[in-house]
J.: 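Mind looking over this structure? Questions follow.
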There are 2 protein chains.
Amino acid sequence: MARIDYKHHDKILLAVDCIIFGFDGSGLKALLVKRGLEPEMGKWSLMGGFANKEEGIDQAAARILVQLTGMDKIYMEQLHCFGDVDRDPGGRVVSIAYFALIKIEESNGETLDLHNAKWFDLKKLPTMIFDHKQMVRLAKERLQQKVANHPIGFELLPNKFTLQQLQGLYEAVYETSFDKRNFTRKILSLGILQRLDEKEKESSKKGAFYYVFDKKKYKQLESEGIKMI
Amino acid sequence: MARIDYKHHDKILLAVDCIIFGFDGSGLKALLVKRGLEPEMGKWSLMGGFANKEEGIDQAAARILVQLTGMDKIYMEQLHCFGDVDRDPGGRVVSIAYFALIKIEESNGETLDLHNAKWFDLKKLPTMIFDHKQMVRLAKERLQQKVANHPIGFELLPNKFTLQQLQGLYEAVYETSFDKRNFTRKILSLGILQRLDEKEKESSKKGAFYYVFDKKKYKQLESEGIKMI
DNA sequence: TATTTTAAGTGTAGTTTGTACATTTATTTT
DNA sequence: AAAATAAATGTACAAACTACACTTAAAATA
């Protein structure tokens, strides 16, 4: 056994970085901040911070997310741990990446400004520090996988949304387009959407019905993921 | 930004724990060791160790795997990072879990004995230290997901194997049974198996053809996962 | 040499799911 | 009343999945 005793082993700086996804109706977006310390101060970066000794890593990630967005109860899951020796030129830092899905229209613009945060289209990301681009890439892949089997896409939409918005979201996530009839049929056949009597009338004269995600129905169906796409 | 500067932040012990899967023809197995240090000395544990400051975490995981099995070029991927504050009563240790797939019949019994290692049927795991049972559970779930879309099941079988062995493996991974005709048809239709002229004649008078996984054909098909099951 | 035994190997029909594709409908504006 | 706009909807064909049982090759035995 290598782990002979706990003292006499290297302790390492542990960071948490958050890939924060949003959807504005057109494309998938990521929230980046201007880094406030050396090295690479002023460059674009994922929102991050160091994990404290007295907090769990999930708590650290949640704390950092709240710091930036002011929002809690955000969908977040651990992505991957990045631990190459030279990933951070400032020192040996192992970073645990999390990705979060937020309702972009509920985010607080002032709080974001305070942190020099900005939404970037995923297809037009700026140069980012360290291995952050790799993190975003992996997060996007994971999002694609996850969205295919779990009803998490709704985390990126307003509470009530039209079928076209939902389709637009899936199209953004997969960078493809779907046939409207087939998409509608499939998504409704899942039985996890509830149609409201209310219509969205901005973008059409006829108006499109709003739907909400029916969490109860989903839980009834199966707690272990259903095929969304 | 929370990450104001690199000094003045907590450094934390970083461990790596390996879930090592094997398949012996009947059930899926995990390789456990008797823990050699306090706390919980003598209890069953995943093979683990501390990450050193001068090595990447993937390297640390590979090192630990070689230590136990003497084997390298093993299929291994990162599973998840476990970082609850109290997960290890011996101190604040964040553990990065990896899972590995090994050909059980190629493992060196003597090396395993040296480390007090033993193969356990996944359905009959002993009490394990800390959150190791949770790690194994998550690893099994991940294996199920991964095996469905990636040709990694072969890592658990001898280089040449019969279709029945392969089916047995999938049945063990998913804890279910498949129809032999449908399974055979589907797996062969992928076009990634090559039939040898040689037959396995131990378990039948007719003999069953050996197959090998054809990595080249697989790479040709697509580098991004095909549907295995 | 014929028969038995064993597990391997194979085919078909029915159902479900996926895909491609165009017209009708509700409402507002002119 | 007509035109304009985007929403809502159906059908036919193809592909994939599922359920299900007999034939075959080879060795062992009579």
Side-chain angles (χ1 to χ4, degrees), chain A residues 25-26 144-145 147-149 151 157-158 160-212 221-222 225-229, chain B residues 25-26 144-145 147-149 151 157-158 160-212 221-222 225-229:
Chain A
S26 59
Q144 290 178 340
Q145 289 167 24
V147 151
N149 300 300
L157 290 174
K160 55 186 185 188
F161 48 84
T162 65
L163 290 179
Q164 336 303 318
Q165 287 177 290
L166 185 61
Q167 179 172 347
L169 168 64
Y170 277 92
E171 290 178 340
V173 168
Y174 292 107
E175 290 182 21
T176 184
S177 64
F178 297 109
D179 179 86
K180 180 170 58 155
R181 289 158 291 187
N182 293 338
F183 180 85
T184 303
R185 188 184 318 117
K186 186 149 56 170
I187 207 86
L188 290 179
S189 76
L190 298 175
I192 58 174
L193 292 186
Q194 192 188 341
R195 196 176 85 175
L196 305 182
D197 286 331
E198 195 183 351
K199 277 186 167 183
E200 188 277 328
K201 314 205 80 169
E202 298 269 309
S203 55
S204 127
K205 291 169 180 171
K206 185 177 179 182
F209 281 108
Y210 277 121
Y211 287 78
V212 291
L221 288 178
E222 35 196 356
I226 59 179
K227 197 170 173 201
M228 307 289 292
I229 287 288
Chain B
S26 59
Q144 289 178 341
Q145 289 167 25
V147 152
N149 299 300
L157 291 174
K160 55 185 184 186
F161 49 84
T162 66
L163 291 180
Q164 337 302 320
Q165 287 178 291
L166 185 61
Q167 179 172 346
L169 168 64
Y170 278 92
E171 291 179 339
V173 168
Y174 292 108
E175 289 181 21
T176 184
S177 63
F178 297 110
D179 179 86
K180 179 172 57 155
R181 289 159 290 189
N182 294 338
F183 179 85
T184 303
R185 187 182 320 116
K186 187 149 54 169
I187 207 84
L188 289 180
S189 75
L190 298 176
I192 58 173
L193 293 187
Q194 191 188 341
R195 196 175 85 174
L196 305 182
D197 287 331
E198 195 184 350
K199 278 185 166 183
E200 189 278 329
K201 313 205 81 170
E202 297 268 309
S203 55
S204 128
K205 290 168 182 172
K206 184 177 179 181
F209 281 107
Y210 277 121
Y211 287 79
V212 290
L221 288 178
E222 34 196 356
I226 59 178
K227 198 172 176 201
M228 307 288 292
I229 285 288

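So you know, we letter chains A, B, ... as the sequences are listed, proteins then strands, and number each from 1. Hydrogens, waters and symmetry mates play no part in the numbers below; they use all other heavy atoms, side chains included.
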J.: A/Ala208 side chain: which of D/dA26, D/dA7, D/dA4 is closest?
T.: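 Ranking D/dA26, D/dA7, D/dA4 by closest atom to the A/Ala208 side chain puts D/dA7 first.
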J.: Expressed as a whole number of angstroms, how long is the span from A/Arg185:CZ to D/dA12:C1'?
T.: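 Between C1' of D/dA12 and CZ of A/Arg185: 11 Å.
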J.: Closest-nucleotide mapping onto DNA chain C: is B/Leu188 or A/Asn182 further toward the 5' terminus? I mean the 5' end.
T.: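 So the residue in question is B/Leu188.
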J.: Provide the start and end nucleotides, 5' to 3', of the part of DNA chain C that has atoms under 4.0 Å from heavy atoms of chain B.
T.: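 So the contact region on DNA chain C extends C/dT5 to C/dT12.
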J.: Looking at D/dA7, does its base get a donor-acceptor pair with the side chain of A/Lys206 below 3.5 Å?
T.: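 Indeed, a donor on one side and an acceptor on the other fall under 3.5 Å apart.
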J.: Classify the angle between the aromatic ring planes of A/Phe178 and A/Tyr174 as parallel (below 30°), tilted (30 to 60°) or perpendicular (above 60°).
T.: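 Answer is perpendicular, since the angle exceeds 60°.
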J.: Measure the spacing between CZ of A/Arg185 and CG of A/Leu163 and express it to the nearest 0.5 Å.
T.: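 Spacing of CZ (A/Arg185) from CG (A/Leu163) equals 13.0 Å.
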J.: Using whole Å, report how far CD of A/Gln164 lies from C1' of D/dT5.
T.: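 Value for this atom pair: 13 Å.
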J.: With nearest nucleotides of DNA chain D determined for A/Gly207 and A/Asp179 from heavy-atom distances, which residue corresponds to the more 5′ nucleotide?
T.: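 The 5'-side residue here is A/Gly207.
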J.: Quick one: pull up CG in B/Leu188 and CZ in B/Arg195 and give me the separation to the nearest 0.5 Å.
T.: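 Between B/Leu188 CG and B/Arg195 CZ, I get 9.0 Å after rounding to 0.5 Å.
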J.: Within the side chain of A/Gln194, is there an N or O that forms a donor-acceptor pair under 3.5 Å with the backbone of A/Leu196?
T.: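 Answer holds: no.
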J.: When rounded to the nearest 0.5 angstrom, what is the spacing between OG1 in B/Thr162 and NZ in B/Lys199?
T.: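 Those atoms lie 12.0 Å apart.
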J.: May I ask you to list the residues of residues 190-203 of chain B, by number, that have any heavy atom positioned under 4.0 Å from an atom of DNA chain C?
T.: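 Close to the strand are B/Ser203.
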J.: Tell me which one of B/Gln165, B/Glu171, B/Gln164 satisfies side chain to side chain donor-acceptor pair (under 3.5 Å) with B/Gln167.
T.: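 The side chain to side chain donor-acceptor pair (under 3.5 Å) with B/Gln167 is passed solely by B/Glu171 among B/Gln165, B/Glu171, B/Gln164.
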J.: For DNA chain C, determine which residues of residues 165-173 of chain B have any heavy atom closer than 4.0 angstrom to one of its atoms, and list them numerically.
T.: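 None, since no heavy atom is under 4.0 Å.
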J.: Can you find a heavy atom in the side chain of B/Val147 that is under 4.5 Å from one in the side chain of B/Leu169?
T.: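 When only atoms from C-beta onward are counted, B/Leu169 and B/Val147 do not touch, as no gap falls below 4.5 Å.
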J.: With heavy-atom distances below 4.5 Å as the criterion, would you say the side chains of B/Phe183 and B/Ile229 are in contact?
T.: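 Of all side-chain heavy-atom pairs linking B/Ile229 with B/Phe183, at least one is under 4.5 Å.
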J.: Is a donor-acceptor contact shorter than 3.5 angstrom present between the side chain of B/Arg181 and the base of D/dT23?
T.: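 No.
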J.: Looking at CD of B/Gln144 and CD of B/Glu175, how far apart are the two atoms once the value is rounded to the nearest 0.5 Å?
T.: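 With rounding to 0.5 Å, CD (B/Gln144) is 7.0 Å from CD (B/Glu175).
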J.: In sequence, state the C-alpha distance, the side-chain angles, and the governing distance for B/Leu157 and B/Tyr211, and then conclude on side chain to side chain contact (heavy atoms under 4.5 Å, CB included).
T.: CA-CA 11 Å; B/Leu157 291 174; B/Tyr211 287 79; over 6 Å; no
J.: Looking at OH of A/Tyr210 and CG of A/Asp197, how far apart are the two atoms once the value is rounded to the nearest 0.5 Å?
T.: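 If I round to the nearest 0.5 Å, the distance is 13.5 Å.
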J.: Nearest to the side chain of B/Lys227, heavy atoms from C-beta on, is which of D/dA19, D/dC17, D/dA7?
T.: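 Taking heavy atoms from C-beta onward, the closest nucleotide is D/dC17.
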